[in-house]
Q: 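Sharing a structure here in structure tokens format.
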Amino acid sequence: QVQLVESGGGLVQAGGSLRLSCVASGRGCSSSTLGWFRQAPGKEREFVVAISWSNGTRYYTDSVKGRFAISRDNAKNTVYLQMNSLKPEDTAVYYCAARSSGGLFSSQRLYDSWGQGTQVTVSS
């Protein structure tokens with residue numbers, strides 16, 4: 001199983017930027033899909049973006065296209081989520097998740113490892 005540790009959350013004003021990091025360790029992380037999900041207060045957790053660890057293919061949810069960018073550093077086993085032009089509605093706990101069998105999916109049920117989450121708060 002893959003172990004995941006997120007960092008980089010914080011408080012930022014609307015229009016600002018943050019970069020989240022997710023460090024992966026454990027067996028199979030090089031063949032996994034890494035994804036970011038978020039959960040706002042009172043709402044269900046939702047998919048944000050996923051990246052193939054092996055070939056870098058990306059899959060974004062529509063609401064973040066053009067504002068968020070996911071990237072990976074294979075040497076550091078780290079995935080980054082660069083978030084620009086942040087909006088108050090981006091406020092949520094952001095979770096990193098891994099899918100050991102690969103493929104790009106938006107359903108959280110298809111991810112088998114999760115980090116502890118990092119809080120992102122965007123003030124208006």
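Bear in mind the structure is a predicted one, so any value in this text is a computation, not a measurement. Side chains are part of it too, since the values below use all heavy atoms of this structure and drop only hydrogens, waters and symmetry mates.
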Q: Only counting residues at least two apart or in another chain, list the ones meeting side chain to side chain donor-acceptor pair (under 3.5 Å) with T57.
A: N55
Q: Kindly state each residue pair satisfying ring-ring contact (aromatic ring centres under 6.0 Å, His included) with at least one member in residues 76-104, sequence neighbours excluded.
A: none
Q: Does D90 come within less than 4.0 Å of K87, counting only side-chain N to carboxylate O?
A: no
Q: Which pairs pass disulfide bond (SG atoms under 2.5 Å apart) with one or both residues in residues 35-72, sequence neighbours excluded?
A: none
Q: For Q13, I'd like to know if atom CD has over 12 heavy atoms of other residues, nucleotides or ligands within 6.0 Å.
A: no
Q: Restricting to pairs with a member in residues 71-124, which pass disulfide bond (SG atoms under 2.5 Å apart), not counting sequence neighbours?
A: C22-C96
Q: Heavy atoms only: give me the nearest S124-P88 pair and the separation to one decimal.
A: CB-CG, 3.9 Å
Q: Please name all residues satisfying ring-ring contact (aromatic ring centres under 6.0 Å, His included) with F47, sequence neighbours left out, ordered by chain then number.
A: F37, Y59
Q: Is V79 reachable from Y111 through a run of I, L, V, M, F, W or Y residues, each pair having side-chain heavy atoms under 4.5 Å apart?
A: no
Q: In terms of hydrophobic clusters joined by side-chain contacts under 4.5 Å, are V12 and W36 together?
A: yes
Q: Side-chain donor-acceptor pair under 3.5 Å between S17 and N84, yes or no?
A: yes
Q: With distance as the sole test, does T91 use its side chain to make a donor-acceptor pair with the main-chain N or O of T121 at under 3.5 Å?
A: no
Q: Quick one: does any side-chain atom of R67 pair with a main-chain N or O of S85 as donor and acceptor, under 3.5 Å?
A: yes
Q: Are V93 and V49 linked, directly or through intermediate hydrophobic residues, by side-chain heavy-atom contacts shorter than 4.5 Å (ILVMFWY only)?
A: no
Q: Taking only residues two or more places apart in sequence, or in another chain, which ones meet Q3 in a side chain to side chain donor-acceptor pair (under 3.5 Å)?
A: none
Q: Please check this pair: side chain of Q82 against backbone of I70, looking for a donor-acceptor N/O pair closer than 3.5 Å.
A: no
Q: Do L34 and L104 share a hydrophobic cluster, counting only Ile, Leu, Val, Met, Phe, Trp and Tyr and linking them when any side-chain heavy atoms are less than 4.5 Å apart?
A: no
Q: Determine the minimum heavy-atom distance between A98 and L4, stating which atoms define it.
A: N-CD1, 3.6 Å
